[in-house]
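First up is the structure itself, then whatever we jot down about it.
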Amino acid sequence: MPAPVVRMPPSPTGWFHVGNARTMLFNWLYARHTGGRVVLRFEDTDRARSTEEAIAQAEDVLRWLGIDWDDGPHRQTQRLDLYAQAATDLLERGAAYPCYCTPEELQAERERRQAAGLPLVYSGRCRGLAAEERAAREAEGLPRVIRLAMPVEGTTAIEDVVRGHVEWENALQGDHVIFRSDGTPTYLFANPFDDIAMGITHVIRGEDLLPSTPRQLAVYAALDAAPPTYAHLPMVLGTDKKKLSKRHGAVSVEEFRDRGVLSQALVNYLALVGWSYDDHTTVMTVPELVERFTLERVNPSAGVFDAEKLEWLNGEHLRALAPEEFATALQRYLEASGSPIAEQPERVGRVAPIVQEKLRTLGQFEGFAGFLFGEAPVDAGAWARVEADADAPRWLGAARDALAGVAAWEAEPIHAALAAACDQQGVKPRVLYMPIRVAISGRTVAPGLYESLELLGRDESLRRIEDALGRLAA
RNA sequence: GCCCCCAUCGGCUAGCGGCCUAGGCCCCCGCCCUUUCAAGGCGGUAACACGGGUUCGAAUCCCGUUGGGGGUACCA
């Protein structure tokens, strides 16, 4: 059996959302797993909505995700003469015909059919036009589209890899438009035409395209080509179980990248919506996914995109990084996001090890460890907790005294000094440490206390504790 | 309206007739780790949509109902 050829056909009309990315990913995983080839093809025949910017963005996102391709990127707008030639052939052979119906007529027809309980498809009015009638309309210069002459009886069926046998009534399909009045092809034609021309063996796409399959198969038949193998992937839904859109908050790949999600984590997560390896494996590297991915294990039911699980998984991938890799990723992220902290790479390198265990996304770094790079804003809620403890001044005073006596300013001696202070005060570390933490970081959640103090330095640490003491007294 | 797809814990899923008193992960809730905590450890709550069949036996097969999703453009 020859190696599979798959394609990734984005329509560059907007941002790349995670659902599209998931579909691209499954194509890519399937090709890489089987040793097949990947074709990248931009379907930009809708010129009103397609933009150069979207094309550049799509390529950028795919590269970032590590999804590469062996052929392309092709652009349908550069293949227009091929489609035009095909249109002429189809017309000559009677496999397609010109239609002169106006939008108003079509609308009226739809309404009539709706009222009669009939499927909303074109009646085929222009299909039966005699040669002279066509000539007359052409002479009039009437705008026309080209419709594919669908079989009027029988059924069309596929054996979908994820859905099994699916069958449609041909009579219910209608003669769809394959060329617009401006001569450009529609998706229903350009997509299967290119799939044939590019030797695509496996069409792996979203379930939303399942209903268009019989009409595309009709193109295969008209062109006398052998149909591909189909695999219709389950939809990726928003939390309200509706098709993903901007209404669902962060849905574009770029948004997750900007938040500090690792591409390997996003890929790992996306692989898990609609597919699983077994009953317990969750965290996987990209090479592992390539090795394990099969279409047979894709499940047919739609899934909700869970950003929380993605972030958890990202934390797992963050922790799986070697310390140097983590520091590098963090520095790069800070640079890319334009953070002023990026200008202190050495400092970032020193702070990185104490936050790697706790971050879920790189984007949390500034809020989590920003206090080690300069004065940090004091969180109102955290400060309120300090004030709520009437003994806070006592704890801070004891901490100040203990820290002032530390000989070597390093985490271990600091730990020993603070532990001694706890004993002396007869209080649990959690009680004594809370105000210290808020005093130095402005928050109740931060990296390890001893390491934080070490990195802050004796003078600055004591200064912040004194500040807090002053504020409590005021 | 018409057509198609889907249906296991709140979410992602395992399960392809007996291994299921239904397993894993996220979330949530406890407890632990003489440091907050978003990290780690331990534990817990929680599901086979419903009704008929088939079978010695059904979460698994069939039919129906209900529910959800998608499509129905000179968008892709």
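All chains are named by letter (A, B, ...) in the order of the sequence lines, taking the proteins before the strands, and each is independently numbered beginning at 1.
G24(B) and C62(B) have their C1' atoms separated by 31 Å, given to the nearest Å. Taking atom C1' on both nucleotides, A49(B) is separated from G10(B) by 16 Å, rounded to a whole Å. Distance check on atom P: C2(B) versus A22(B) gives 42 Å, rounded to whole Å. For the P atoms, the distance linking A46(B) with C9(B) amounts to 14 Å, nearest Å. A distance of about 34 Å separates the C1' atoms of G69(B) and G18(B), rounded to the whole Å. Between G11(B) and U65(B), the distance separating the two P atoms is 25 Å to the nearest Å. Comparing the same atom, C1', in U60(B) and in C48(B) gives a spacing of 10 Å after rounding to whole Å. Rounded to the nearest Å, the gap between the C1' atom of C42(B) and that of C33(B) is 11 Å.
Residue contacts shown for Ser181(A) include a base, since a base heavy atom lies under 4.0 Å away. Residue Phe368(A) is classed as a base contact, given a heavy-atom separation below 4.0 Å to a base. Within 4.0 Å (heavy atoms only), Glu169(A) reaches no atom of the nucleic acid at all. Counting any heavy atom pair closer than 4.0 Å across all strands shown, Ser212(A) reaches no nucleic acid atom. Among the heavy atoms of the strands lying under 4.0 Å from Arg430(A) are primed sugar atoms or P, OP1, OP2 only; no base atom is included. As judged by a 4.0 angstrom heavy-atom cut-off over every strand, Leu120(A) is placed among the base-contacting residues. Residue-level contact check: Glu207(A) touches the bases, meaning some heavy atom is under 4.0 Å from a base atom. Gly206(A) comes within 4.0 angstrom of nothing in the nucleic acid, heavy atoms only. Using a 4.0 Å heavy-atom criterion, one finds that Gln107(A) contacts no nucleic acid atom at all. Within 4.0 Å of Leu418(A), counting heavy atoms only, lies no atom of the nucleic acid at all. Nucleic acid contact class of Asp182(A) (heavy atoms, under 4.0 Å, all strands): none. Arg319(A) comes within 4.0 angstrom of the backbone, heavy atoms only, and of no base.
The nearest whole Å value for the distance from the NZ atom in Lys309(A) to the P atom in G11(B) is 13 Å. For the pair Met235(A) CE and G11(B) C1', the computed distance is 18 Å after rounding to whole Å. The distance between atom CG of Asp279(A) and atom P of G23(B), rounded to the nearest whole Å, is 11 Å. Distance, Tyr450(A) OH to C33(B) P: 14 Å, rounded to whole Å. We find that CG of Leu318(A) is positioned 16 Å from C1' of G40(B), with the value rounded to whole Å. As a whole-Å value, the separation of Leu449(A) CG from A39(B) P is 19 Å. The CD atom of Glu308(A) sits 13 Å away from the P atom of A38(B) (whole-angstrom rounding). When the P atom of G10(B) is taken as reference, atom CG of Asp306(A) falls 14 Å away, rounded to whole Å.
Dashed line: the shortest gap from a side-chain N or O of Arg360(A) to OP1 or OP2 of C27(B) is under 4.0 Å. Side-chain nitrogen and oxygen atoms of Arg297(A) include at least one within less than 4.0 Å of the OP1 or OP2 phosphate oxygen of G15(B). Residue Thr13(A) places no side-chain N or O under 4.0 Å from the OP1 or OP2 atom of C75(B). Using a 4.0 Å cut-off, no side-chain N or O of Arg110(A) falls inside it from OP1 or OP2 of G1(B). In terms of phosphate contacts, Lys242(A) brings no side-chain nitrogen or oxygen within less than 4.0 Å of OP1 or OP2 of G70(B). Between Thr213(A) and C4(B) there is no side-chain N or O to OP1 or OP2 distance below 4.0 Å. Under 4.0 angstrom from either OP1 or OP2 of A76(B) there lies no side-chain N or O belonging to Asn191(A).
In this structure, the side chains of Arg205(A) and Asn191(A) come closer than 4.5 Å at one or more pairs of heavy atoms. Between His232(A) and Thr213(A), some side-chain heavy-atom pair lies under the 4.5 Å cut-off.
Taking the ring centre of Tyr277(A) as origin, the terminal cationic atom of Arg292(A) falls inside the region bounded by 6.0 Å and 45° from the ring axis. Geometric assessment of Arg147(A) against the ring of Tyr122(A) yields a positive cation-pi assignment under the 6.0 Å and 45° thresholds.
Closest-nucleotide positions on RNA chain B for Met434(A) and Val166(A) were compared, and the one nearer the 5' end corresponds to Val166(A). Comparing Val177(A) and Val298(A) by the nucleotide of RNA chain B that holds the closest heavy atom to each, the one mapping nearer the 5' end is Val298(A).
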Checklist entry - How far apart are the C-alpha atoms of Glu460(A) and Arg464(A), what are their side-chain angles, what is the distance that settles it, and do they pass the salt bridge (charged side-chain N to carboxylate O under 4.0 Å, His left out) test? => result CA-CA 6 Å; Glu460(A) 181 62 14; Arg464(A) 291 190 188 182; 2.7 Å; yes
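Nucleotide A38(B) has no partner under the Watson-Crick or G-U criteria, as no pair reaches both atom distances under 3.5 Å. Within the shown strands, nothing qualifies as a pairing partner of C27(B) under the Watson-Crick or G-U definition with both distances less than 3.5 Å. Pairing of A59(B), defined by two Watson-Crick or G-U wobble distances under 3.5 Å, is not identified with any nucleotide. In a base pair of the Watson-Crick type (N1 to N3 plus N6-O4 or O6-N4) or a G-U wobble (N1-O2 and O6-N3), with each distance short of 3.5 Å, C50(B) is matched with G64(B).
Exactly one of Glu52(A), Glu43(A), Glu59(A) qualifies for a salt bridge (charged side-chain N to carboxylate O under 4.0 Å, His left out) with Arg75(A). That residue is Glu52(A). Tested against Tyr100(A), the residues Arg125(A), Glu138(A), Glu105(A) include a single side-chain hydrogen bond (donor to acceptor under 3.5 Å, both in side chains) partner, Glu138(A).
The aromatic rings of Phe179(A) and Phe189(A) are tilted relative to each other, their planes meeting at an angle between 30° and 60°.
Nearest nucleotide to the side chain of Val304(A), out of C37(B), G11(B), C74(B): G11(B). Among the nucleotides C5(B), C37(B), A76(B), the one closest to any side-chain atom of Arg163(A) is C5(B). Comparing C12(B), G71(B), C75(B) by their closest approach to the side chain of Val273(A) singles out C12(B).
Residues Trp383(A) and Glu387(A) have side chains that bring a donor and an acceptor to within less than 3.5 angstrom of each other.
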